[in-house]
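In what follows, a single structure is set out as structure tokens and then discussed.
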Amino acid sequence: MKYGRTYNFSAGPAMMPEEVLEEIAAEMMNCRGSGMCVMEMSHRSKVFQQIRDEAEADLRKLMGIPENYKVLFVQGGGTVQFAMVAMNLMKNGVGCYVETGAWSKKAISEAKKYGEVKIVASSADKNFSYIPDCSNLDIPENADYVYICENETINGTTYFKLPDTKGKILVSDQSSMFLSRPCDVSKYGLIWAGVQKNVGPAGMAVVIIREDLLRDDLPKSVPTYMSYKIHADNDSLYNTPNCWAIYCCGKVFKYLLDKGGLEAMHQRNEEKAKILYDFLDQSALFTGAVAKEDRSLMNVPFVTPSKEQDADVVAASKAAGFDNLKGHKSVGGLRASIYNAMPKEGVEALVDFLKKYESEHK
Ligand SMILES: *Cc1c(COP(=O)(O)O)cnc(C)c1O
């Protein structure tokens, strides 16, 4: 690869499109004729306002976000959203959660600080290797929302069909699948995504929220910054935002539009994932860790027959020039994260490497 870059299979922060990084590098000393870098610029300046507005407009175009939804850029990455969702949306104090792995569990434990959590479905019985049936969930009348982690980054599962929420609003953590495929925003009350997985740098989340869910009547104990309405009323400029992340994400939104949008991304992502899954499905040494019908197009966990061999493959992959293939510490094994910015050639090179390893370790 150019610049001596490696194929980086990290789950996040993760690869960004090379063209975007080149553009950012070219603008580092003088952004849009301002005579300064975006990192040096007032967030109230005309140039930055333009950068912010274009980022929002491009995201709206990319996802087809309806008029009655607000787009917010909020600091604190993904984790702050676990609390923010509960603080802002628990009117009756009841949230329904689907438990599908590490990130939904974190959302659940955080929400318990603010109200009652009802786990309406879970795949804990099989080590979170599948998505439970969500076609007839037992949702109490007073539930404020139904929450899912739409792509479990660590466990490697994804929803191909959204839950029937029985009329309650759907809240989705899309962090590790954001902009990887088309999304009908109108099916959700709130979508949020930490951007360092599939879009840009760490430290920010994009929140897409239906306007009627913005509240004036939050409990006084809710910190000002944690109110969605504060961010909505101030165009995400209530305080100094993560200007750098907004700028980089804006570049990626333009890049995605230029490459044909989310349909085109989806097609590419399906092709890429198929290369890896087809290999795993016929391999005698490597086994995919997830039920076929629920396999993520973004995060692909797999194992060898032993922990020792898993570690050996990771070491060999590193020596061969691949990075970050070690599975998350909570589940072990290996994991290849193949987000939008991972080129098809990267996945092909990985499969070639795994094939060679297998033939040498018969
Ligand atoms: C990474 C991740 C998070 C947490 O993001 P941070 O920015 O590290 O707080 C939450 N949900 C999912 C699905 C993730 O992949």
Side-chain angles (χ1 to χ4, degrees), residues 52 56 59-60 63 65-99 103-120 137 139-150 162-163 165-175 178 183 185-195 203-242 245-246 249:
R52 196 220 76 91
E56 179 178 337
L59 181 63
R60 284 186 174 277
M63 294 183 77
I65 300 174
E67 286 281 315
N68 62 327
Y69 285 74
K70 292 282 189 191
V71 172
L72 316 176
F73 302 112
V74 185
Q75 299 182 61
T79 297
V80 163
Q81 292 309 311
F82 297 144
M84 227 165 150
V85 163
M87 282 178 158
N88 283 266
L89 302 185
M90 278 184 168
K91 259 187 161 166
N92 298 328
V94 183
C96 292
Y97 282 72
V98 181
E99 183 189 49
W103 291 115
S104 46
K105 278 168 73 175
K106 283 211 166 157
I108 289 165
S109 56
E110 193 71 6
K112 281 180 178 166
K113 294 184 174 187
Y114 305 102
E116 187 191 326
V117 167
K118 185 163 187 239
I119 296 175
V120 287
L137 300 172
I139 298 167
E141 198 41 56
N142 63 347
D144 291 304
Y145 57 86
V146 177
Y147 181 105
I148 60 171
C149 174
E150 205 165 334
L162 292 174
T165 62
K166 311 265 174 85
K168 304 297 180 192
I169 63 159
L170 180 63
V171 176
S172 176
D173 171 2
Q174 288 197 348
S175 298
F178 195 52
C183 169
V185 176
S186 70
K187 294 200 167 123
Y188 302 78
L190 188 153
I191 295 168
W192 67 265
V195 294
M204 190 176 83
V206 171
V207 176
I208 301 166
I209 180 170
R210 217 173 61 200
E211 270 168 0
D212 60 290
L213 301 174
L214 298 168
R215 283 172 63 190
D216 278 322
D217 62 340
L218 288 178
K220 280 205 167 57
S221 61
V222 174
T224 310
Y225 194 83
M226 299 296 274
S227 153
Y228 287 128
K229 186 158 190 301
I230 281 284
H231 295 278
D233 287 349
N234 291 279
D235 287 340
S236 305
L237 291 163
Y238 171 72
N239 69 332
T240 320
N242 186 338
I246 293 173
C249 289

Minimum heavy-atom distance between Glu150 and Gln174, given as atom pair plus value: OE1-NE2, 3.1 Å
For the student: nearest non-hydrogen atoms of Met90 and Ala111, plus distance: CE-O, 3.9 Å
Are [X] and [Y] close enough that some pair of their side-chain heavy atoms sits under 4.5 Å apart?
X	Y	result
Cys149	Lys106	no
Phe73	Val195	no
Phe82	Asp173	yes
Val207	Met84	no
Lys91	Asp217	yes
Pro66	Val185	yes
Cys96	Leu137	no
Asp144	Lys168	no

Pair Cys249-Val206, side chain to side chain contact (heavy atoms under 4.5 Å, CB included): steps then yes or no: CA-CA 10 Å; Cys249 289; Val206 171; 5.5 Å; no
Test your reading of the model: is there a side-chain donor-acceptor pair from [X] to the backbone of [Y], 3.5 Å cut-off?
X	Y	result
Gln75	Thr240	yes
Tyr147	Ala86	no
Asn142	Asn92	no
Tyr228	Leu89	no

Got a second to check how far [X]'s [atom1] is from [Y]'s [atom2], nearest 0.5 Å?
X	Y	atom1	atom2	result
Ser236	Asn242	OG	CG	11.5 Å
Glu99	Ile148	CD	CD1	14.5 Å
Leu213	Leu190	CG	CG	7.0 Å
Ile139	Lys166	CD1	NZ	5.5 Å
Gln81	Trp192	CD	CH2	6.5 Å
Ser186	Tyr69	OG	OH	5.5 Å

Residue pair Tyr238, Leu72: steps toward the side chain to side chain contact (heavy atoms under 4.5 Å, CB included) verdict: CA-CA 11 Å; Tyr238 171 72; Leu72 316 176; over 6 Å; no
Lys229: which of Asp216, Asn234, Asn88 passes side-chain hydrogen bond (donor to acceptor under 3.5 Å, both in side chains): Asp216
CA sep, side-chain torsions, deciding dist, call: Arg210, Tyr188, side chain to side chain contact (heavy atoms under 4.5 Å, CB included): CA-CA 8 Å; Arg210 217 173 61 200; Tyr188 302 78; over 6 Å; no
Residues forming a side chain to side chain donor-acceptor pair (under 3.5 Å) with Lys70, sequence neighbours excluded: none
Presence of salt bridge, Arg52 and Glu56, under 4.0 angstrom: yes
Worked verdict on Lys112 versus Tyr97 for side chain to side chain contact (heavy atoms under 4.5 Å, CB included): CA-CA 11 Å; Lys112 281 180 178 166; Tyr97 282 72; over 6 Å; no
